[in-house]
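Report on the structure given below.
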Amino acid sequence: MNPARSHSVKIVLLVLIGLCTVAISLVSLNTGPVKFTSGESTQVLAYKLGLGSEKPTALAETVIWSLRLPRILLALAVGAGISLAGAAMQGLFRNPLADPGIIGVSSGAATGGVIAILFGGMLVKAAPAIQSFFSRAPDAPSGTAPEGWLIDLAPHIATYALPILAMAGGVGVTFLIYRLSSIGGRTHIATMLLTGIAVNAIAAALIGYVVTRFADDTQIRTITFWTLGSLAGANWQGALLVAALTLLGGLWVLSQWRSLNAFLLGEAEAFQLGVNVQLVKRGLIFVTAAMVGVTVAACGIIGFVGLVVPHMIRLSLGPDHRWLLPGSAILGGAVLVAADLGARTLVAPAELQIGILTALIGGPFFLGLLLSAKRKLSL
Amino acid sequence: MLEARELTFSYGKHPVLDGVSLRLKPGKLVALLGTNGAGKSTLLKLLTGELHARSGDVRLEDKPLPAWHTRDLAQVRAVLPQEPRLAFNFTVRDVVLMGRTPHIQRGETLRDREICQQALRRVDLQEFGDRYYLELSGGERQRVHLARVLAQIWEPLEQSPRYLLMDEPVAGLDLAHQHGTLRIARELAAEGVGVLAILHDINLALAYADETVLISGGKVAADGPTADVLTEERVADVFNVQAILHRDGTRPPYMQTLPSA
């Protein structure tokens, strides 16, 4: 471990991590049931972006442009989002074990997502009845399909309720944990982890109940989607939305690196160093939990990435948030692209849940961290 | 001047401070002494703005503390916490550099780095810049944080004199570094910094502090020039011990304490 490396060395390392991310994305673009050469995939990209005139085959165009590219973009955004959120939460809670999955933020978001789908589905179903109740035209010929603003709007409300309620669930849990585990400006780590256990259990019960009870009549998705995650549903619209929101939140989090460093000393110490503690704290809680909420709405809970990635960056670049935050975002993208590549190719033609892979690698990593934490941290 | 007037504070129903007033003038080293649970740390937290008094107010340069912008305040006033905790493995240099936070606009300058190196030299850790914080001993960590707060108020500023508040700065330090820390506090006072330090050792107060505030049961038992405050009778009374003051005229007076009879 050498956090004492000079700035220029750290910049070079960041660029190298970035190149790895690009490389693994290109590999992922070419790999799958249908294999392509880099030349073919470049041709598709160039053609679609208006840079090349040579028309690719219809198969290449569909698979690369419509299936794999949005999925890779989603993986990059989700990986960057949860890794950045993990790094920032670890700063906020002053503890390297604060992973959005472990402390329950992700399952809070998933609960919000499930509830949004449940009520969104109910709303869409009930919309015609509600509409006709309020605007019953007495002379309307019977048998015509009911119409009105509510019927038009209901599917959109249902669509947007998902990310919004997921964000709300994540933010709510984060506030709860902060209130419970922060005592006098210091984080009580055991309380933080225990709160996570309780929240995860409650969320699992709620999700399990709603999903099994209403699975037939709404698009509630499967339990494994929520608990183990999947990027299989990726499309351009969703990927671009997640990428845009992640970029927005991520840039703000990156701008807070100096405050986050001061936060590691304790809340009072950060205040005495001139940090507006309340503003930064609330902002970080809200933005990081919202970022987690967006990713959970898009692809379920993908565990341990927010724990492992920042830790790997700390080992190579040190704990300074100036380097930790961008490093985590870039490496997080690479890790998730790689994990998703594994998820869709390891047992082809079937697909693995991506959370199975991240948990298989991240779980033992977490145990190792706990072992070393017995020495380094006061748990 | 940092001035507290008639501060009252309680944790729940348990009163901690009852009408405490205190003045810290620039250029003075003031020791804050008292028994366990007398309210010393609470008073210090009220003086830093970390806690807010039930009644009474704290003013810095005649402006109430809450009216100060957090960053402006941090440029002129540093606080050394009692038990600094940091669970992340920064280099010593980076921890000290955090002290420059309120002064840095965009990125730290060469001057900020120079100040950090000088601050490390001042606490006798000049070779420790590249070492890892978590690999240091407790006393060394304490001195890293001293260097951090020194770096925070290293240079005089136009808008206000500087202040340094220290919560038990010598706890956990070996004898040489106890004296080293208080000698630094004295030097800062000579530079015009107002320094307040919570101490337990009466003899360190006698040797270094211009003034002493003695707190007992949430009230000020006595304050003024240290030699006038720390008399045999008062120490015996407040701390419930026998106290015998030895003077030989050349060295600072020395107070021997024995269990109360």
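Here is how names work: the chains are called A, B, and so on, in the same order as the sequence lines, proteins then strands, and each is numbered from 1. Just so it is clear, the model here is predicted, and its values are computed rather than measured.
Residues of residues 278-292 of chain A never come within less than 4.5 angstrom of chain B, heavy atom to heavy atom. Residues of residues 73-80 of chain B lying under 4.5 angstrom from chain A, judged on non-hydrogen atoms, are B:A74, B:R77, B:V79 in numerical order.
B:R85 and A:E269 are not joined by a salt bridge, as no carboxylate oxygen comes within less than 4.0 angstrom of a charged side-chain nitrogen.
The minimum heavy-atom distance between A:D320 and B:D94, with the atom names listed, is OD2-OD2, 4.4 Å. Summarising the geometry of A:L273 relative to B:R148, their closest heavy-atom pair is CD1-NH1, 3.9 Å, with the distance given to 0.1 Å. Of all heavy-atom pairs between B:Q152 and A:Q272, the closest is NE2-O, 2.9 Å. For A:L264 against B:F88, the heavy-atom pair with the smallest separation is CD2-CE1, 3.5 Å. Heavy atoms only, all atoms of each residue included: B:T70 and A:V275 are closest at CG2-O, 3.6 Å.
The environment of CZ in B:R23 is sparse: at most 12 heavy-atom neighbours from other residues, nucleotides or ligands sit within 6.0 Å.
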Anything under 3.5 Å between a donor and an acceptor, one on a side chain of residues 76-93 of chain A, the other on a protein residue two or more places apart or in another chain? List them.
from, atom 1, to, atom 2, distance (Å)
A:S83, OG, A:G79, O, 2.7
A:Q90, OE1, A:R314, NH2, 2.8
A:Q90, NE2, A:G86, O, 3.1
A:Q90, NE2, A:A98, O, 3.2
A:Q90, NE2, A:G306, O, 2.9

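Taking B:E211 as the reference, B:K25, B:K28, B:V30 meet the side chain to side chain contact (heavy atoms under 4.5 Å, CB included) condition, with sequence neighbours excluded.
Residue B:H103 does not touch chain A at all, counting heavy-atom pairs closer than 4.5 Å. If you measure heavy-atom distances from B:E135 to chain A, you find no contacts under 4.5 Å at all.
Taken to the nearest 0.5 Å, the CD1 atom of B:I104 stands 4.0 Å off from the CZ atom of A:R258.
Note: B:T48 leads B:V149, B:D72, B:L165, B:T48 in heavy-atom pairs under 4.5 Å with chain A.
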